[in-house]
Peer 1: 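Here it is: the structure, laid out below.
Fair warning: this is a prediction, and the values are worked out from it, not measured in the lab. Indexing begins at 1, ligand by ligand and atom by atom, following the structure's order.
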Amino acid sequence: MSTIAQQAGGAQTTAHGNDVQAAVEALRRGGLIGLPTETVYGLGADASNPAAVARIFAAKQRPADHPLIVHLHRTAQLEQWARAIPTAAWRLAEAFWPGPLTLVLPRARSVLDAVTGGLDTVALRVPAHPLARAVLEEFAGGIAAPSANRHKKISPTTAQDVREELGDAVDVLLDGGECRVGIESTIVDLSTGTMRLLRPGAITADDLERTVGEPVELLIHPSIRSPGRMVLHYAPNARVVLASMEEVAERLAEYAVLGVHVGVLSAKRAPSWPAHIPWLPLGDSASEQAQQLYRRLREADGMRLAALIVVPPGDRGMGHALRDRLWRAAGLGDVLA
Ligand code: TXA
Ligand code: MG
């Protein structure tokens, strides 16, 4: 794993300890850092500094009422950020933290409105990536961090993606290599007395139910302000068209008639597809596919494809989260909810 910290526009250092120190100093100064996590890269700021949090919204061009996830080093810090913490939260934290799970809980009074978008709840997560953990340990406070992409764009899974998305807006960019999970954390709302899945991810609904011993509600309430729930979130520039393996050849023939520059994203390539059609391969398992998805969507944009035919995976396990992201990329929004 490469651990190079790049000061935006400046020199690189390679000493891991220095990288972490530079990031922590930037946070203390109210700056922004590019933070690798196991899911996607975050754009981090001191969650208790209103001016620093405001810089996140400016850099992302994100509407101010969209709440942020606060990242913590240890589960024990939950009590500084949340109140009325149910047993389910402790169970989930014990089972999945550090890891790709975000808990929505009633917020502690001290949590900034700028972080929660004025909601009475706060989203909290203890990430697993060693660099994120090192920064959180040294910083000791909460780091507010949305995915480090511009509003409505694909989440970054490498430091280079962050550089391309946000460039000089980031004061210190930590390079923690390619993200292991590749899609954003599972978000579960525990603030209402029942468990509600707000965003599917690597921790599946089955995982949640098994751990807590209660059913999880998959229906997403439309009034929740969650940009991840907006139609056309996670979209590449190419128009994403979903198709079954059997339908791809027919779609390709239609696009050929129209002269559209089209590619295919799928686990397998069929011999019947014309040889000149760019094929973006996805791994065999759902977890490999999740790890590669955003990179492939960025590649599609790099090839300036006008359309991308995507063969979605099955719905089992992490397939649910993948289909959620693909449905959104195709502009189908909440049909999966
Ligand atoms: O994997 C992840 O969760 C990444 C890494 C960086 O940790 N972060 C991430 O943040 O995906 P962001 O801001 O791109 O997405 C967070 C989602 C948003 O859809 C936001 O609306 C929702 O979490 N959210 C935050 N606070 C909430 C709250 N109090 N209630 C409901 N949804 C909330
Ligand atoms: Mg995001």
Side-chain angles (χ1 to χ4, degrees), residues 32-45 47 53 56-57 59-72 81-82 96-108 111-129 131-133 135-136 142-157 161-162 165-166 174 176 179-192 196-203 220-230 232-235 290-291 294 321 324-325 328-329 334 337:
L32 297 183
I33 64 167
L35 183 70
T37 84
E38 73 281 22
T39 57
V40 298
Y41 275 71
L43 176 65
V53 172
I56 291 180
F57 287 91
K60 276 191 65 116
Q61 297 166 345
R62 174 164 165 156
D65 63 352
H66 286 166
L68 304 174
I69 297 174
V70 177
H71 298 69
L72 305 173
W81 294 86
F96 300 113
W97 280 354
L101 177 69
T102 296
L103 302 179
V104 172
L105 294 166
R107 69 159 160 176
V111 183
L112 296 176
D113 276 340
V115 167
T116 68
L119 297 174
D120 193 36
T121 54
V122 62
L124 299 163
R125 170 161 119 80
V126 175
H129 193 290
L131 264 181
R133 292 193 56 65
V135 172
L136 283 161
I143 300 179
S147 51
N149 50 283
R150 287 187 189 274
H151 188 52
K152 295 192 184 180
K153 295 292 183 191
I154 304 164
S155 294
T157 54
D161 295 342
V162 179
E165 285 283 326
L166 298 170
L174 291 174
C179 297
R180 175 171 57 80
V181 176
I183 58 171
E184 304 82 353
S185 61
T186 303
I187 304 181
V188 57
D189 183 357
L190 298 173
S191 69
T192 65
R196 295 192 309 176
L197 186 66
L198 298 186
R199 183 172 70 185
I203 308 296
I220 283 92
H221 196 279
S223 72
I224 286 175
R225 279 175 295 183
S226 223
R229 305 244 55 92
M230 287 185 334
L232 265 187
H233 203 60
Y234 311 117
Q291 210 251 339
Y294 291 155
D324 171 82
R325 304 309 192 272
R328 276 164 220 295
D334 274 342

Peer 1: What atoms of ligand 1 come within less than 4.0 Å of a heavy atom belonging to V40?
Peer 2: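 So the answer, numbered in order with elements, is 4 (C), 6 (C).
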
Peer 1: Could you give the distance from CG (D324) to CD (E184), rounded to the nearest 0.5 Å?
Peer 2: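 It is 9.0 Å, given to the nearest 0.5 Å.
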
Peer 1: Identify the two heavy atoms, one from S191 and one from D189, that lie closest to each other, and give their separation to 0.1 Å.
Peer 2: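 Heavy atoms only, the tightest pair is OG-OD1, 2.6 Å.
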
Peer 1: Please indicate whether any nitrogen or oxygen in T37 is less than 3.5 Å from any nitrogen or oxygen in ligand 1.
Peer 2: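 By distance alone, the answer is no.
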
Peer 1: Examine S147 against ligand 1 and note whether any of their N/O atoms are separated by less than 3.5 Å.
Peer 2: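 Such a contact does occur with ligand 1.
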
Peer 1: Taking only residues two or more places apart in sequence or in another chain, which ones pass side-chain hydrogen bond (donor to acceptor under 3.5 Å, both in side chains) with T37?
Peer 2: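 T37: side-chain hydrogen bond (donor to acceptor under 3.5 Å, both in side chains) contacts with T39, R125.
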
Peer 1: Could you confirm whether S147 has any N/O/S atom lying under 2.8 Å from the Mg ion (ligand 2)?
Peer 2: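 Yes, S147 qualifies, because one of its backbone or side-chain N, O or S atoms lies under 2.8 Å.
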
Peer 1: Can you tell which part of L35 has a heavy atom less than 4.0 Å from ligand 1: side chain, backbone, both or neither?
Peer 2: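 The answer is neither; L35 stays 4.0 Å or more away.
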
Peer 1: Calculate, to the nearest 0.5 Å, the distance between atoms CG and CD1 belonging to L43 and I143 respectively.
Peer 2: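 Result: 11.0 Å between the selected atoms.
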
Peer 1: Is R107 near ligand 1, meaning one of its heavy atoms is under 4.0 Å from it?
Peer 2: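 R107: no contact with ligand 1 (<4.0 Å).
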
Peer 1: Of G118, A145, P106, which has the heavy atom at the shortest distance from atom 8 (N) of ligand 1?
Peer 2: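 Ranked by closest heavy atom to atom 8 (N) of ligand 1, first place is A145.
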
Peer 1: Where do L131 and L174 come nearest, in terms of heavy atoms and distance?
Peer 2: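 Looking at all heavy atoms of both residues, the shortest contact is CD1-CB, 4.2 Å.
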
Peer 1: Ignoring hydrogens, what is the shortest heavy-atom contact between V104 and A123? Give both atom names and the distance.
Peer 2: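 Closest approach of V104 to A123, heavy atoms only: CG2-CB, 4.1 Å.
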
Peer 1: Using a strict 4.0 Å cut-off to heavy atoms of I187, name the atoms of ligand 1 that fall inside it.
Peer 2: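 It comes down to these atoms of ligand 1: 17 (C), 22 (C), 23 (O).
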
Peer 1: Which of the numbered atoms in ligand 1 are under 4.0 angstrom from any heavy atom belonging to H71?
Peer 2: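 Atoms satisfying the 4.0 Å criterion: 5 (C), 6 (C), 7 (O).
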
Peer 1: Any atoms of ligand 1 less than 4.0 Å from a non-hydrogen atom of T121? List them with their elements.
Peer 2: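 Those of ligand 1 that fall under 4.0 Å from T121 are 28 (C), 29 (N), 30 (N).
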
Peer 1: Using only atom types and a distance under 3.5 Å, with no angle test, would you say the side chain of Y41 pairs donor to acceptor with the backbone of C179?
Peer 2: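 Checked: no pair found.
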
Peer 1: Distance check, rounded to the nearest 0.5 Å: D161 atom CG versus Y294 atom OH?
Peer 2: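 So the CG of D161 and the OH of Y294 are separated by 12.0 Å.
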
Peer 1: Please list, in number order, the atoms of ligand 1 under 4.0 Å from a heavy atom of I69.
Peer 2: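 Reading through ligand 1 atom by atom, the close ones are 3 (O), 8 (N), 9 (C), 10 (O), 16 (C).
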
Peer 1: Less than 4.0 Å is my threshold; does some heavy atom of R125 fall inside it relative to ligand 1?
Peer 2: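 Yes, R125 has a heavy atom closer than 4.0 Å to ligand 1.
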
Peer 1: What do you reckon, does E184 have a nitrogen or oxygen under 3.5 Å from a nitrogen or oxygen of ligand 1?
Peer 2: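 Between E184 and ligand 1 (N or O atoms, distance only) the closest approach is not under 3.5 Å.
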
Peer 1: Any idea which atoms of ligand 1 are less than 4.0 Å away from a heavy-atom of R62?
Peer 2: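 Near R62, meaning under 4.0 Å from one of its heavy atoms, ligand 1 has 12 (P), 13 (O), 14 (O).
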
Peer 1: Rounded to the nearest 0.5 Å, how far does CG of L101 lie from CG of L124?
Peer 2: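 The CG atom of L101 is 10.5 Å from CG of L124, to the nearest 0.5 Å.
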
Peer 1: Under 3.5 Å, is there a donor-acceptor pair between the side chain of R199 and the main chain of S185?
Peer 2: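 At least one qualifying donor-acceptor pair exists.
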
Peer 1: Within a distance under 4.0 Å of any heavy atom of L119, pick out the atoms of ligand 1 and give their elements.
Peer 2: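 What qualifies from ligand 1 is 28 (C), 29 (N), 30 (N).
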
Peer 1: Do you know the tightest heavy-atom contact between I203 and P100?
Peer 2: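 Nearest heavy atoms, I203 then P100: CG1-O, 3.7 Å.
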
Peer 1: Counting heavy atoms only, name the option from L198, V122, V111 that's nearest to atom 31 (C) of ligand 1.
Peer 2: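 Result: the heavy atom closest to atom 31 (C) of ligand 1 is in L198.
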
Peer 1: Check each atom of ligand 1 against the heavy atoms of R199 and keep those under 4.0 Å away; list them by number with element.
Peer 2: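 Result: 2 (C), 3 (O), 9 (C), 11 (O), 15 (O), 16 (C), 17 (C).
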
